[in-house]
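Step one of this worksheet: look at the structure below.
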Amino acid sequence: MNSNAVVQPRSFGQGEQRAVSGRGAVSQDRVIFPITSLSPYQNRWCIRARVTQKSVVKTWCNKRGDGRLFSVDLADESGEIRATAFNAESHCGFPFKVYLIQGGTIKVANRQFTSIDNDYELTFSPETRVEPCFDENVCDLPEVSFHLTKIKEIGEISRDRLIDVIGVVVMIGPIESKIARSTLKELKKRDVLLVDDSGVSITLSLWEAEVHKSVYEQILNCHCFRQKISTVK
DNA sequence: CCCCCCCC
């Protein structure tokens, strides 16, 4: 995969302006749609959103093909949406700032891979345009928002949903070495015990690079964790 | 179009 092939989405042209329809916020001559109003049936929209999370650029190779992708979580006053850019649209220099984003495909989100509370997600296309937003009121836009699940309620949530948990690390296990059954690869594993104000504890398993994250070593400090549910013991 | 997340 050649990183030189990475292309920035086109910015709005200088003289290119949209007619203002008379309702909704307006930013840099664009009518702004709330993130929660986006759906597959809505094809003319522009959102004004803050980047609250971003992934590393990931490459994949499987029987369906290969490529690279990058995803960001976007938030405005109405809510959040996950956005993914593939191949030519993927670019890694997306700082945690506010952008006007227009164009792309809205599809049904897979809740297995995001805790964002939105039925849809956005896929960047060659038509997607991204422009830094310079409005004064962008400071009103939310930063990361967690949708917290109480540890006591984790058992009631369907398997394989990604959830947010806030808790205290009360016990840290040793770093262990395991052999993956499928690949026979050696894996580092560490269990920590997490407790919250619902009075219940749960084991949080850390793998590989996660094992070394110092955030888990601060016993009795409070942190937010965005984790996937697997087997509940 | 990713979407793997492993061990006991």
Side-chain angles (χ1 to χ4, degrees), chain A residues 1-3 5-9 38 40 43 51-74 80-92 94 101 103-128 130 147 149 154-155 157-165 171-194 201-213 215-216 223-233:
Chain A
M1 206 64 47
N2 184 353
S3 62
V6 173
V7 171
Q8 292 280 346
L38 300 186
N43 56 12
V51 174
T52 58
Q53 299 262 17
K54 53 183 176 177
S55 76
V56 295
V57 174
K58 196 165 77 173
T59 59
W60 83 90
C61 182
N62 58 30
K63 58 260 170 210
R64 292 189 294 276
D66 59 69
R68 51 181 281 144
L69 70 94
F70 170 66
S71 67
V72 290
D73 291 349
L74 303 169
E80 291 176 282
I81 193 165
R82 158 73 51 90
T84 306
F86 290 94
N87 301 318
E89 282 78 58
S90 70
H91 60 293
C92 48
F94 234 134
I101 299 169
T105 308
I106 308 290
K107 60 175 189 176
V108 174
N110 189 337
R111 301 290 188 106
Q112 190 176 346
F113 303 107
T114 177
S115 62
I116 281 184
D117 185 22
N118 195 323
D119 290 337
Y120 304 114
E121 60 189 40
L122 165 63
T123 302
F124 284 36
S125 72
E127 287 72 45
T128 300
V130 177
H147 305 98
T149 296
I154 287 178
I157 298 195
S158 62
R159 285 280 188 95
D160 293 330
R161 283 252 335 217
L162 199 95
I163 59 159
D164 298 334
V165 171
M171 209 158 66
I172 303 174
I175 297 175
E176 297 170 75
S177 184
K178 302 283 181 185
I179 305 295
R181 207 180 307 152
S182 53
T183 62
L184 300 182
K185 218 179 72 179
E186 189 180 328
L187 301 166
K188 285 180 183 165
K189 179 180 188 276
R190 163 178 268 170
D191 286 346
V192 301
L193 193 65
L194 206 56
S201 68
I202 193 166
T203 299
L204 173 64
S205 294
L206 309 174
W207 293 91
E208 296 288 84
E210 298 281 326
V211 155
H212 301 295
K213 282 194 179 166
V215 64
Y216 298 108
H223 298 286
C224 276
F225 300 93
R226 180 158 280 176
Q227 292 294 151
K228 180 181 176 179
I229 303 175
S230 55
T231 309
V232 177
K233 294 180 185 174

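The sequence lines fix the lettering, A, B, ..., with proteins before strands; numbering per chain opens at 1.
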Subject >> N/O (side chain, W60(A)) to phosphate O (OP1/OP2, dC2(B)) under 4.0 Å >> reply: yes
Original post:
Do the non-hydrogen side-chain atoms of K107(A) and P40(A) ever get within less than 4.5 Å of each other?
Top reply: no
**OP:** Report the distance from atom CD of E208(A) to atom P of dC7(B), rounded to the nearest whole Å.
**Re:** 12 Å
Original post:
Does the side chain of L206(A) reach to within under 4.5 Å of the side chain of K213(A), using non-hydrogen atoms?
Top reply: no
Original post:
How many Å lie between CG on D66(A) and P on dC4(B), as a whole number?
Top reply: 16 Å
**OP:** Starting from P on dC7(B), measure out to CH2 on W207(A) and report it in whole angstrom.
**Re:** 6 Å
**OP:** Please report, rounded to the nearest Å, how far the P atom of dC3(B) is from the CZ atom of F113(A).
**Re:** 8 Å
**OP:** Can you see which heavy atom on E80(A) is nearest to which on T52(A), and at what distance?
**Re:** OE2-OG1, 4.1 Å
Original post:
Which nucleotide, dC1(B), dC7(B), dC3(B), lies nearest any side-chain atom of T123(A)?
Top reply: dC1(B)
Original post:
Between T59(A) and G67(A), is there a donor-acceptor pair closer than 3.5 Å when you use the side chain of the first and the backbone of the second?
Top reply: no
Original post:
Under a 4.5 Å cut-off applied to non-hydrogen side-chain atoms, are V165(A) and L204(A) in contact?
Top reply: no
Original post:
If only side-chain N and O atoms of K188(A) are considered, is one of them under 4.0 Å from the OP1 or OP2 phosphate oxygen of dC7(B)?
Top reply: no
Original post:
Which of residues 176-183 of chain A have a heavy atom under 4.0 Å from DNA chain B?
Top reply: K178(A), I179(A), A180(A), R181(A)
Subject >> Partner residues of K185(A) under the side-chain hydrogen bond (donor to acceptor under 3.5 Å, both in side chains) criterion, sequence neighbours left out >> reply: none
Original post:
Whole-Å distance between dC7(B) C1' and L184(A) CG?
Top reply: 13 Å
Original post:
Closest heavy-atom contact between Y120(A) and I81(A)?
Top reply: O-CG1, 3.4 Å
**OP:** Indicate whether OP1 or OP2 belonging to dC1(B) is found under 4.0 Å from a side-chain N or O atom of R68(A).
**Re:** no
Original post:
Expressed in angstrom and rounded to an integer, what is the separation of I116(A) atom CD1 from dC2(B) atom P?
Top reply: 19 Å
Original post:
In whole Å, what is the span from the CD atom of Q112(A) to the P atom of dC3(B)?
Top reply: 12 Å
Original post:
With a 4.0 Å cut-off on heavy atoms, is K63(A) in touch with a base, just the backbone sugar-phosphate, or nothing at all?
Top reply: nothing
Original post:
If you check the F86(A) side chain, which of dC5(B), dC6(B), dC1(B) turns out closest?
Top reply: dC1(B)
Original post:
Between dC5(B) atom P and K185(A) atom NZ, what is the distance in whole Å?
Top reply: 11 Å
Original post:
Counting only distance, no hydrogens or angles, is the base of dC2(B) paired donor-acceptor with the side chain of E121(A) under 3.5 Å?
Top reply: yes
Original post:
Looking only at N and O atoms, is any donor in the side chain of K189(A) or the base of dC7(B) less than 3.5 Å from an acceptor on the other one?
Top reply: yes
